[in-house]
Number of protein chains: 2
Amino acid sequence: MTSSDAPRKVRADARQNLDTLLVAARTVFARSGVDAPARDIAAEAGVGVGTLYRHFPNRAELVAAVFTTEIDATAAAATSLLEEHPPGEALDLWITRFTRFVATKQGLSAALRSGDPAFDALPAHFTAKLGPAITSLLDAAAAAGEVRPGVDPLELLQAVGDLSHRAPSPDGSPNPMVRLLLDGLHVR
Amino acid sequence: MTSSDAPRKVRADARQNLDTLLVAARTVFARSGVDAPARDIAAEAGVGVGTLYRHFPNRAELVAAVFTTEIDATAAAATSLLEEHPPGEALDLWITRFTRFVATKQGLSAALRSGDPAFDALPAHFTAKLGPAITSLLDAAAAAGEVRPGVDPLELLQAVGDLSHRAPSPDGSPNPMVRLLLDGLHVR
DNA sequence: GAGATTGCGGAACGATGTTCCGTATCCGAT
DNA sequence: ATCGGATACGGAACATCGTTCCGCAATCTC
């Protein structure tokens with residue numbers, strides 16, 4: 001008796017505002033970091049702060065939501081890259097994309113270690129989504145003989161993440177240490 | 001011509017207040033974490049916030065100052081422990097002390113990664129002071145045959161630090177993982 | 001189209017870092 | 001011992017946050 005009696009549809013403008021907020025948050029986070037004021041995000045979306053807090057119980061949950069959608073998008077990119085490029089190249093392109101994700105999330109690791117319960121589910125989501133993605137890429141590249149075998153996918157991902165922490169890198173390219181790592185990964 | 005003409009002495013109450021503030025900050029940080037409000041620290045010291053900001057340009061600098069003094073104290077403890085205990089025991093006691101230092105500084109790593117310039121000098125101070133301390137302890141214990149040789153001092157310190165991050169541990173004892181590490185270190 | 005409900009905007013609140021300035025305190029010379 | 005000026009203090013005031021609240025507007029159901 002709690003959920004099956006379909007009380008009413010979600011209002012169209014509400015649904016629209018939620019999407020707008022997520023997009024705006026992503027934009028603002030990229031511009032000013034995850035510590036950007038809630039007001040800025042609301043303004044970017046063209047709504048009031050009240051609307052923001054109607055859709056998310058607090059700022060941290062909004063941050064978590066944005067990260068989740070970006071993780072999903074990054075994971076999804078793996079399959080399409082594999083279809084359009086040779087395995088080794090696909091791996092490089094995907095890692096570059098992942099690097100960009102980490103780099104633009106200045107404050108992600110700090111947020112994760114903050115102890116805020118809103119972020120509790122993020123690490124699990126992280127490995128659950130990104131783990132299969134990197135694994136498929138790495139397996140394909142290894143099978144094609146373009147990459148040394150025996151590399152643990154999640155370990156590689158973690159390492160790239162750690163290396164990408166510090167590195168503004170104005171253009172989208174991964175930082176030198178990541179490049180080094182990738183060069184070491186490839187067979188020549 | 002910049003410093004040698006001794007214009008006047010530092011006022012005694014000012015000097016006293018600075019010490020009081022450092023002690024108060026240490027107390028409050030231990031009780032409420034490094035994110036404790038500046039007002040709380042001033043109150044604990046029995047001074048106004050204005051006084052706090054006269055002695056430190058901002059909150060971050062106060063945090064850095066406290067860490068610095070605690071790092072110094074921890075480093076200094078190494079020599080006295082070595083004089084009063086057998087080398088292996090001294091090592092354990094010191095690591096326990098270090099563990100307590102890290103554990104009570106909930107938020108230290110987050111602060112370091114925050115990018116605040118006030119914390120730039122801390123890592124260097126960290127290794128400069130703590131490096132020799134752990135080295136002397138480890139060397140003494142190894143020379144006495146109480147500990148396996150060939151362990152890199154700073155690496156050990158870093159590992160203990162990483163393991164101590166998460167672990168409130170109400171009593172002062174180090175967390176189980178640190179214990180495990182130490183047990184592995186000792187020769188039986 | 002009317003009524004009910006859902007959702008919106010933004011003022012308001014409480015907490016926090018930081019600044020400011022009138023006032024109290026201390027130091028050195030007399 | 002005292003006096004004058006430099007020095008430091010206290011805490012109100014300001015700016016900026018996250019979050020809440022509520023009168024009003026947009027939307028949906030019938």
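So you know, we letter chains A, B, ... as the sequences are listed, proteins then strands, and number each from 1. Just so we're clear, the structure is a prediction, and the values are computed from it rather than from any experiment.
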For dG10(D) and T51(B) - does any side-chain N or O of the residue sit under 4.0 Å from the phosphate oxygens OP1/OP2? yes
Checking contacts here: which listed nucleotide (dT16(C), dG18(D), dG7(C)) is nearest the side-chain heavy atoms of V10(A)? dG7(C)
Could you state the CD-P distance from Q16(B) to dC9(D), rounded to the nearest angstrom? 11 Å
What's the CZ-C1' distance between R39(B) and dA13(D), to the nearest Å? 10 Å
Let me know the distance between CG of L18(B) and P of dT7(D), rounded to the nearest Å. 17 Å
Taking NZ from K9(A) and P from dG7(C), how many angstroms apart are they, rounded to a whole number? 13 Å
Send over the distance from E61(A) CD to dT19(D) P, rounded to a whole Å. 10 Å
Taking all heavy atoms of R59(B) and all of D35(B), pick out the closest pair and write down the distance. NH2-CA, 4.0 Å
Rounded to the nearest 0.5 Å, what separates atom NE2 in H55(B) from atom OG1 in T20(B)? 9.0 Å
Any Lys/Arg nitrogen of D92(A) or R97(A) sitting under 4.0 Å from an Asp/Glu carboxylate oxygen of the other? no
Whole Å only: how far is the CZ atom of R15(B) from the P atom of dC26(C)? 17 Å
Once the angle between the rings of F98(B) and W94(B) is folded into 0 to 90°, is it parallel (under 30°), tilted (30 to 60°) or perpendicular (over 60°)? parallel
Can you check the R59(B) CZ to dT18(C) P distance for me, whole Å? 8 Å
Any N17(A) side-chain N or O less than 4.0 Å from OP1/OP2 of dG7(C): no
Base versus backbone protein contacts along nucleotides 20-26 of chain D [heavy-atom cut-off under 4.0 Å; B, S, -]: B-B---B
Nucleotide nearest A12(A) (side chain, heavy atoms from C-beta), chosen from dT19(D), dC28(D), dC8(C): dC28(D)
If you take all heavy atoms of A144(A) and P87(A), which pair is closest and at what distance? CB-CG, 3.9 Å
Does dC9(D) have OP1 or OP2 sitting under 4.0 Å from an N or O in the side chain of H55(B)? yes
Looking at R15(A), I'd like to know if its CZ atom is crowded, meaning that more than 12 non-hydrogen atoms belonging to other residues, nucleotides or ligands lie closer than 6.0 Å. no
Side-chain donor or acceptor of T51(A) paired with backbone N/O of V47(A) under 3.5 Å: no
Using the side-chain heavy atoms of V47(A), tell me which of these nucleotides is nearest: dT18(C), dC13(C), dG9(C). dG9(C)
D40(A) CG to dG18(D) C1', straight-line distance once rounded to whole Å: 13 Å
